[in-house]
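Everything on this sheet refers to the single structure shown next.
Each chain gets a letter, A, B and so on, in the order the sequences are listed, and its residues count up from 1.
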Protein chains: 2
Amino acid sequence: MPAKSKRSVCPLACALDLFGDRWTMLVLRDLFVGKSQFGEFMKSPEHIASNTLADRLERLVAARLVETFRSEERPGADGYRLTAKGSSTRPILEAIMNWGLANIRGTEARLQPK
Amino acid sequence: MPAKSKRSVCPLACALDLFGDRWTMLVLRDLFVGKSQFGEFMKSPEHIASNTLADRLERLVAARLVETFRSEERPGADGYRLTAKGSSTRPILEAIMNWGLANIRGTEARLQPK
DNA sequence: CTGTATCCAGCCGGATACTG
DNA sequence: CAGTATCCGGCTGGATACAG
C-alpha cells in the first residue's frame with residue numbers, strides 16, 4: 001500500500017493512493033476476469049501472499065471499489081465483486097494492458113470480459 | 001520501484017513493473033506537463049526526494065521511456081524528455097486522472113498538454 | 001478452504017550532507 | 001542548481017503457523 005499523498009489535490013496522485021500499487025491492481029485485474037473467491041486470487045501466477053491479499057481486499061472494500069457478498073454455494077466464506085465504482089476503473093486497466101501488449105515482448109492478453 | 005514479476009506474462013503486471021509505482025507515475029505526469037529539469041520535478045507538491053528522483057529518472061531512461069538532452073541554456077545539466085515510447089503512456093495517465101477527477105472530492109485537473 | 005496472526009529480512013524513501 | 005552518497009527508521013510483503 002502506497003504512502004498517502006500529503007494533501008495533494010492531483011487526481012493522479014490521489015487515485016494512485018487508492019489503488020495504484022502493484023498488488024491492488026492485480027487483484028482488480030482478477031476481479032474483472034471474474035474471480036470472486038479468496039482461493040481464486042491466490043491461484044494467480046504472481047502468487048500473492050495470503051495476508052497481502054486480505055489486506056488489499058480490505059482496502060478495496062473500504063474504498064468502495066469492491067463489496068462482499070454471500071456465496072450460496074460457499075457458506076461461511078465471502079465472495080468479492082466489483083462495485084460500480086470499482087468497475088469504472090476498467091479503462092485504466094485496459095490502457096495499461098494495451099500498452100504492455102504493444103510494448104513488452106512476451107506478454108499475452110487477459111482481462112477478457114468474463 | 002516495484003519488485004519484478006517473476007516471469008509473469010501478464011501485460012498489466014509487466015507494465016506495472018516498468019513504471020507502475022507512485023513516484024514514477026508522478027514523474028511521468030510532470031514530463032507530460034512539460035517539465036524537463038531536475039529542479040522542476042523537485043518543486044512538485046508531492047516533494048520527491050532527490051535520490052528517489054534520480055533513481056526514477058534513471059530507470060525511465062533505461063526503459064527508453066525518457067531520454068536526456070543537452071540543454072543549451074543550462075550547460076552541464078541534463079534535460080529530460082519523453083521518448084515516443086514514453087509519450088505512448090499518456091492514455092494511461094489520462095485514464096487515471098479522469099477517474100480521480102470523477103471519483104475523488106477535492107482533486108483538480110492538471111496534465112494540460114503543455 | 002478462508003482467512004488471521006506473527007515474525008522478520010529487505011527494501012523504500014525521507015533527511016541530510018556533500019561535491020561539481 | 002544538478003546530482004550523488006550515506007544513514008537509517010519504517011513499512012512491505014514473503015514465509016509460516018494457526019484457527020474456524
### Query
What's the verdict on side chain to side chain donor-acceptor pair (under 3.5 Å) for A:Trp99 and B:Thr89, showing C-alpha distance, side-chain angles and the deciding distance?
CA-CA 7 Å; A:Trp99 190 94; B:Thr89 63; 5.5 Å; no

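Among all heavy-atom pairs drawn from B:Cys10 and A:Arg29, the shortest one is SG-NH1, 3.2 Å. Across all their heavy atoms, A:Gly100 and B:Ala15 have their closest contact at CA-CB, 4.3 Å. For the residue pair B:Ser44 and B:Asp30, the shortest heavy atom distance occurs at OG-OD2, 2.6 Å.
Note: CE (A:Met25) to P (D:dT12) measures 17 Å, nearest angstrom. Rounded to whole Å, atom C1' of D:dA2 lies 16 Å from atom CG of B:Asp55. Atom NZ in B:Lys35 sits about 16 Å away from atom C1' in D:dC1, given to the nearest Å. Atom CZ of A:Arg70 and atom P of C:dT2 are 13 Å apart (whole Å). Rounded to whole angstrom, the span from the CG atom of B:Leu53 across to the P atom of C:dG14 amounts to 11 Å. Residue B:Leu26 contributes atom CG, which lies 17 Å from atom P of C:dC12 at whole-angstrom precision. The CD1-C1' distance, from B:Ile48 to C:dG14, rounds to 11 Å in whole Å. The nearest whole Å value for the distance from the CD atom in A:Glu46 to the C1' atom in D:dG13 is 15 Å.
Under the side-chain hydrogen bond (donor to acceptor under 3.5 Å, both in side chains) criterion, B:Asn98 pairs with no residue at all, not counting sequence neighbours. Applying the side-chain hydrogen bond (donor to acceptor under 3.5 Å, both in side chains) test to A:Asn103 and every residue at least two apart in sequence or in another chain returns nothing. Residues satisfying the side-chain hydrogen bond (donor to acceptor under 3.5 Å, both in side chains) test with A:Thr83, not counting sequence neighbours, are none. Remark: B:Glu67 engages B:Arg81 in a side-chain hydrogen bond (donor to acceptor under 3.5 Å, both in side chains) (not counting sequence neighbours).
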Filtered N/O pairs between nucleotides 3-9 of chain D and protein, under 3.5 Å:
| from | atom 1 | to | atom 2 | distance (Å) |
| --- | --- | --- | --- | --- |
| D:dG3 | OP1 | B:Asp78 | N | 3.2 |
| D:dG3 | OP1 | B:Tyr80 | OH | 3.3 |
| D:dG3 | OP2 | B:Tyr80 | OH | 3.4 |
| D:dT4 | O4 | B:Ser50 | OG | 2.8 |
| D:dT6 | O4 | B:Asn51 | ND2 | 3.1 |

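An OP1 or OP2 oxygen of D:dT12 is reached within less than 4.0 angstrom by no side-chain nitrogen or oxygen of A:Arg22.
In this structure, the ring of B:Trp23 has its center no less than 6.0 angstrom from the ring center of B:Phe41.
Each end of the helix from C:dC1-D:dG20 to C:dG20-D:dC1 gets its own axis, taken as the rotation carrying the C1' atoms of four end pairs onto the next four within a five-pair window, and the two axes meet at 30° to the nearest 10 degrees.
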